[in-house]
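The structure appears right after this line, and notes come after that.
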Amino acid sequence: MIDAIATVSLSGTLEDKLRAAASAGFKAVEIFDTDFLASDLTAHQVRALLDELGLACVLYQPFRDLEGMPAPQRMRAFQRIEQKFQVMQILGCDRILLCTNCSPLASPDEDRIVADLRELGDLAARYGVIVGYEALAWARHIFDHRDAWRIVEMVDHPNIGILLDSFHSLSRGIPVESLRQIDPAKIVFVQLADAPILSMDLLYWSRHFRNLPGQGGFDLTGYVGELFRIGYDGPLSLEIFNDRFRANSAKMVAQDGLRSLTAIRDAAARSIGAPTTMPPPAVISHVEFVEFAVDEGDRLGLEAMLRSAGFAPAGSHRSKAVDLWRGGAARFVLNYEQEGFAHAYRTTHGTSICAIGLAVSDQAATVARARALGISEHGSDIPAMPALRGVAGSLVYILDAANTGAIWDEEFDAVDEGGSAPDVGIAAIDHLAAVVHNDEFLSWQLYWRTLFDVRVQLPQDVIDPNGLVQSQAIQNPAGTFRITLNSTDARGALSARFLSHSFGAGFQHIALAVGDMHAAAEALEARGLARLPVPENYQDDAEMRFALSPEESAAARRLDIMLDEDPEGGRYRQLYGRAFARTFFFEYVERAGYDGYGAPNAPIRLAAQSRFRPVAED
Ligand SMILES: O=C(O)c1ccc(O)c(O)c1
Ligand SMILES: [Mg+2]
């Protein structure tokens with residue numbers, strides 16, 4: 001069982017790439033031809049570095065445009081590949097990738113292709129090399145792994161096998177069951193890449209948008225499951241051409257790479273009922289609480305905002321400067337401590353959300369899976385509530401869903417200050433929206449998608465008046481846990497302003513579920529919540545679009561309620577509060593058979609929020 005990563009997946013020089021792979025824990029790499037050609041290290045020096053780092057070079061790649069070429073080009077290709085074999089001998093590498101021919105000069109004559117590959121096999125045998133023939137999705141004639149396999153069978157040479165790459169197979173929608181036709185002993189190597197589902201030229205899609213298994217939309221579990229089913233137990237290697245990865249920290253991508261391979265091996269084994277080595281993806285019940293690190297100077301302002309938002313004090317910690325506030329079923333923990341984690345977080349980010357508490361169905365298994373995925377733990381003062389590192393240094397506390405009440409009873413003295421303000425009817429925390437750095441957008445997706453049993457919705461492009469924001473929703477199958485991850489390149493967009501204002505990524509917005517939006521909005525009005533105003537233009541349109549009665553439309557206008565509807569008639573009503581100290585804000589949502597997040601309304605909301613942007617920032 002070898003996990004490998006191609007140097008093309010990582011940023012930096014060849015040496016940077018190899019060091020990053022080794023430091024993440026990889027034992028094997030594919031060396032990309034251009035990375036070697038661009039390096040000023042000799043083959044002997046690269047070999048010495050590989051040995052020093054404990055890395056094996058398990059594939060040299062790619063070699064292009066060899067088979068079916070006219071005479072002069074054919075001869076040059078054979079001479080050139082022989083020189084590669086000599087380099088590979090020094091590198092200690094015995095496998096090379098040959099891409100199916102993309103040249104306009106390539107002949108479609110399969111007899112010639114087969115003859116060339118046989119001759120190549122003889123040459124490779126002299127150097128002890130095995131050639132893996134990889135069907136590129138955009139190749140001239142052989143662009144389907146089924147055709148590459150047919151050719152390899154015809155070639156029937158011990159030094160010529162097939163090389164599979166999930167991108168080329170899945171981007172063309174080739175059924176994974178076709179892998180069953182392949183003799184696993186003839187699979188030289190397997191490269192894995194996921195990708196977002198895009199309608200795009202195959203070459204451009206492949207060279208710029210590939211990502212790690214668990215970051216895109218392909219069924220990698222099905223693909224690797226089929227390989228395991230036919231008995232393939234050779235290397236799984238990440239070959240990720242991605243514009244962001246080229247600019248990112250090589251160390252982060254390599255670490256995420258290892259995590260993604262661990263998770264995909266686990267998922268694939270599970271999918272075919274084979275034994276696994278770690279607990280299954282953790283089942284989340286709900287968000288039990290959100291913790292705010294609060295600066296003492298913000299106390300009065302925050303408390304006033306929380307009261308207007310439907311919350312009231314409900315508990316006082318027995319030994320710490322920590323308060324519990326409740327709004328219906330939603331719990332907020334306000335941490336004023338002058339030491340410890342929340343204090344450190346506040347020192348960097350100011351008053352902000354520093355942690356969330358997740359209720360899961362199997363706490364011990366969740367922590368064990370996190371460990372297996374290399375997710376670091378953070379010491380927790382409360383043994384019943386272990387903590388994992390989350391987005392940008394925030395924490396994710398893991399609670400036992402069957403026993404969450406015990407924490408509140410043991411740690412807090414109850415306070416009953418419900419008061420006489422009308423109840424907003426908050427039924428749950430519906431979702432949390434995090435803003436993350438562009439560089440880390442895929443990394444945080446991987447974190448949530450590998451540790452937990454969650455699904456993703458199609459990524460959304462959200463229009464902020466000052467730029468485009470990419471948003472990815474992640475939710476559990478029951479819809480009782482939902483987060484969105486948001487990132488942008490646009491410096492003036494709200495999420496970018498959040499990043500610079502609060503010195504880093506974090507949760508920016510909490511959506512609270514209510515059963516009846518009109519009743520909730522009336523209660524919030526009575527409590528004096530500062531709402532985000534919704535333009536009349538929007539309401540004029542909504543009245544027609546959703547066939548609102550005059551009463552409904554009047555209420556939506558008066559109470560700043562927005563609406564969305566899905567094709568099945570599911571309805572979403574939403575209302576936004578103004579931000580606290582430009583850092584976080586609340587949303588109230590009513591879902592009636594609706595599974596989305598009101599994406600069509602996001603530009604209206606972002607435009608309204610940008611009208612409150614301080615003049616100094618313009
Ligand atoms: O984009 C390419 O040319 C290319 C090269 C080598 C590969 O293994 C591959 O999958 C694509
Ligand atoms: Mg490939």
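Counting starts at 1 for both ligands and their atoms, following the listed order.
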Would you mind naming the N, O or S atom of [X] nearest to the Mg ion (ligand 2)?
X	answer
Asp165	OD2
Glu239	OE1
Glu134	OE2

Could you tell me which non-hydrogen atom of [X] sits nearest to which non-hydrogen atom of [Y], and how far apart they are?
X	Y	value
Pro158	Lys186	CA-NZ, 4.2 Å
Asp266	Pro281	OD2-CD, 4.4 Å
Gly596	Arg482	O-NH1, 4.4 Å
Ser206	Phe241	O-CB, 3.3 Å

I need the atoms of ligand 1 closer than 4.0 Å to a non-hydrogen atom of [X], numbered in the order shown.
X	answer
Leu97	8 (O)
His168	9 (C), 10 (O), 11 (C)
Asp165	10 (O)
Gln61	6 (C), 7 (C), 8 (O)
Glu239	6 (C), 7 (C), 8 (O), 9 (C), 10 (O)
Glu134	6 (C), 7 (C), 8 (O), 9 (C), 10 (O)
Leu136	9 (C), 11 (C)

Requested in this report: On the 0 to 90° scale, with breaks at 30° and 60°, tag the Phe167-Trp205 ring pair as parallel, tilted or perpendicular.
Outcome: perpendicular
Problem - Plane angle bin for Phe452 and Phe481 - parallel if under 30°, tilted between 30 and 60°, otherwise perpendicular - result: tilted
Would you say the Mg ion (ligand 2) has Gln61 as a near neighbour, meaning an N/O/S atom of that residue under 2.8 Å away? no
Does [X] come within less than 4.0 angstrom of ligand 1, counting non-hydrogen atoms of the residue?
X	value
Phe189	no
Glu30	no
Phe167	no

the protein heavy atom lying closest to atom 4 (C) of ligand 1 turns out to be Phe241 CZ, 3.8 Å
Exercise. Answer yes or no: are there more than 12 heavy-atom neighbours, outside Lys251 itself, under 6.0 Å from its atom NZ?
Key: no
> Hey, is CG on Asp233 packed in by over 12 heavy atoms from elsewhere, all under 6.0 Å?
Replying inline: no
side-chain hydrogen bond (donor to acceptor under 3.5 Å, both in side chains) evaluation trace for Asp65 with Ser103: CA-CA 6 Å; Asp65 299 349; Ser103 164; 4.9 Å; no
Check your understanding: Is the shortest side-chain N to carboxylate O distance from Glu177 to Arg229 below 4.0 Å?
Key -> no
Could Arg210 and Glu239 be called an ion pair, given the rule that one side-chain N must be under 4.0 Å from one carboxylate O? yes
Out of Gln191, Arg210, Arg64, Arg207, the nearest non-hydrogen contact to atom 5 (C) of ligand 1 is supplied by Arg64
The answer for which part of Leu163 has a heavy atom under 4.0 Å from ligand 1 is neither
Logged contact type for Phe63 with ligand 1, heavy-atom cut-off 4.0 Å, is neither
- Message: Closer than 3.5 angstrom, by distance alone: can the side chain of Gln457 be matched with the main-chain N or O of Asp595 as a donor-acceptor pair?
- Response: yes
Any nitrogen or oxygen of Ser206 lying under 3.5 Å from a nitrogen or oxygen in ligand 1? Just yes or no.
no
